[in-house]
Amino acid sequence: MKVLWFAWLRTRVGTAEETLTPPAEVRDVRTLLDWLKQRSPGHAEALKNLSVVRVAVNQTYVQPDHPVAAGDEVAIFPPVTGG
Amino acid sequence: MKVLWFAWLRTRVGTAEETLTPPAEVRDVRTLLDWLKQRSPGHAEALKNLSVVRVAVNQTYVQPDHPVAAGDEVAIFPPVTGG
Amino acid sequence: MIRVQREDFDVGAELKALTAGRHEIGGAVTFVGLVRDMAGDSKIGAMTLEHYPGMTEKQLAEIEAEAKKRWPLSASLIVHRYGRLEPGEQIVLVITASAHREAAFEACHFLIDWLKTKAPFWKLEDTDQGAQWVAAEARDDKAAERWTKP
Amino acid sequence: MIRVQREDFDVGAELKALTAGRHEIGGAVTFVGLVRDMAGDSKIGAMTLEHYPGMTEKQLAEIEAEAKKRWPLSASLIVHRYGRLEPGEQIVLVITASAHREAAFEACHFLIDWLKTKAPFWKLEDTDQGAQWVAAEARDDKAAERWTKP
């Protein structure tokens with residue numbers, strides 16, 4: 001699984017991209033975020049307030065109950081500010 | 001008084017501009033239009049249906065009760081279709 | 001700013017000139033009106049725009065002043081052409097610029113709606129059924145009414 | 001059409017290319033977003049736009065498709081820049097063209113409102129108080145909500 005971080009989430013985590021193999025109990029976005037929080041203090045800090053965290057799986061916005069699988073590209077980022 | 005005609009009113013009347021000296025009973029736009037109707041069959045035709053006639057005195061839109069005087073520039077035209 | 005001219009205009013150049021050095025501007029909205037090749041069922045070869053020199057400039061300036069009173073605009077521009085125009089040619093340009101996009105959108109829409117019912121221009125269309133003066137559209141009156149205060 | 005690019009764009013040239021030969025078009029509405037020199041009380045020296053290549057194009061294409069479903073558009077274009085931009089520089093271009101101006105105005109307004117809350121771009125502002133990631137504005141969410149069907 002590829003995990004991408006953007007904007008200030010990226011600066012907190014300290015990397016733009018990670019290739020990870022989550023354990024079997026990670027089935028959806030919610031459980032993935034819980035697992036990611038434990039990877040480092042930076043991850044924990046980035047994911048402290050999930051109300052300002054958006055997730056896309058394979059480049060489509062998803063909700064916390066959306067399933068995640070081994071081959072997915074999961075992007076984690078703050079609310080967008082383009083335009 | 002200068003009377004200007006535009007668009008299809010101009011083509012009916014047959015002239016773009018007339019310099020006129022209306023009689024004393026012409027005091028406002030309404031009485032001016034009544035008097036103009038009698039100038040020629042073209043004038044009568046142009047002013048047959050006043051619901052599609054707009055009048056500006058000195059380049060400002062006015063209503064039928066607006067006064068007119070000797071030095072005025074009176075423009076008579078159909079509803080505008082620019083833009 | 002307002003301009004009434006026979007010549008074409010360059011939208012990009014006008015926009016650049018209007019916003020140059022005005023770094024408080026966050027958004028600019030532009031409307032360009034173009035000559036269509038059909039009017040109802042008639043094919044249009046060309047059209048001629050007649051106007052009332054003097055009153056046109058006065059009306060456009062009044063309409064622009066009204067927009068500036070209603071919205072916090074940093075800059076605005078109206079350019080209206082007259083004379084003979086062929087399908088695809090540009091007729092009118094309205095640009096409004098503001099710190100925020102809402103004001104720019106509303107003011108631009110207002111300007112073209114009001115201009116359509118107030119600026120003394122008349123279109124003579126050269127159609128396959130002969131030359132015809134374009135009739136004012138009830139739709140345009142309705143669009144303009146939307147902006148009159150209650 | 002959508003484009004995501006580092007380079008600047010020429011509004012006049014884009015508009016010309018989009019409407020060329022399309023003589024059913026009666027009006028084109030253009031929105032240009034510009035970099036402002038102030039954010040609240042902070043002076044901005046420059047900003048850097050980060051985006052998510054791949055998803056950006058996908059989101060913009062979806063937003064454009066939604067506008068085409070809702071309004072009878074003859075043509076549309078979204079160009080969004082990324083990278084470092086200084087105050088006064090152009091960030092985003094939206095053009096919508098239609099037979100009638102109402103559709104063009106509404107679709108253009110819709111596109112920029114939706115783009116602001118859906119396209120994966122993030123602004124890092126270089127202010128006199130240091131580099132700061134721009135926070136999403138509740139105002140933008142509200143503007144976008146206006147277009148969600150009941």
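Below, chains carry the letters A, B, ... as their sequence lines are ordered, and counting in each starts from 1.
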Nearest heavy-atom pair of A/Val80 and D/Ala119: which atoms, and what distance?
CB-O, 3.2 Å
Is it the case that atom CG in A/Asn49 sees more than 12 heavy atoms from other parts of the structure closer than 6.0 Å?
yes
So, taking the atom named OH in A/Tyr61 and the one named CE in D/Met55, what distance separates them when rounded to the nearest 0.5 Å?
4.5 Å
Interchain contact, D/Glu62 with chain A, by part (heavy-atom threshold 4.5 Å)
neither
Mind checking whether D/Phe121 and A/Thr81 have side chains closer than 4.5 Å, heavy atoms only?
no
Check the surroundings of atom CD in D/Glu7: do more than 12 heavy atoms from other residues, nucleotides or ligands lie under 6.0 Å from it?
yes
Is chain A contacted by the side chain of D/Lys58, its backbone, both, or neither, given a heavy-atom distance below 4.5 Å?
side chain
Interface moiety of D/Ile112 toward chain A, non-hydrogen atoms closer than 4.5 Å:
side chain
Interchain contact, A/Arg10 with chain D, by part (heavy-atom threshold 4.5 Å):
side chain
Could you check whether the rings of D/Tyr52 and A/Phe6 sit parallel, tilted or perpendicular, using 30° and 60° as the cut-offs?
tilted
Rounded at 0.5 Å granularity, tell me how far CD in D/Gln59 sits from OG1 in A/Thr60.
7.0 Å
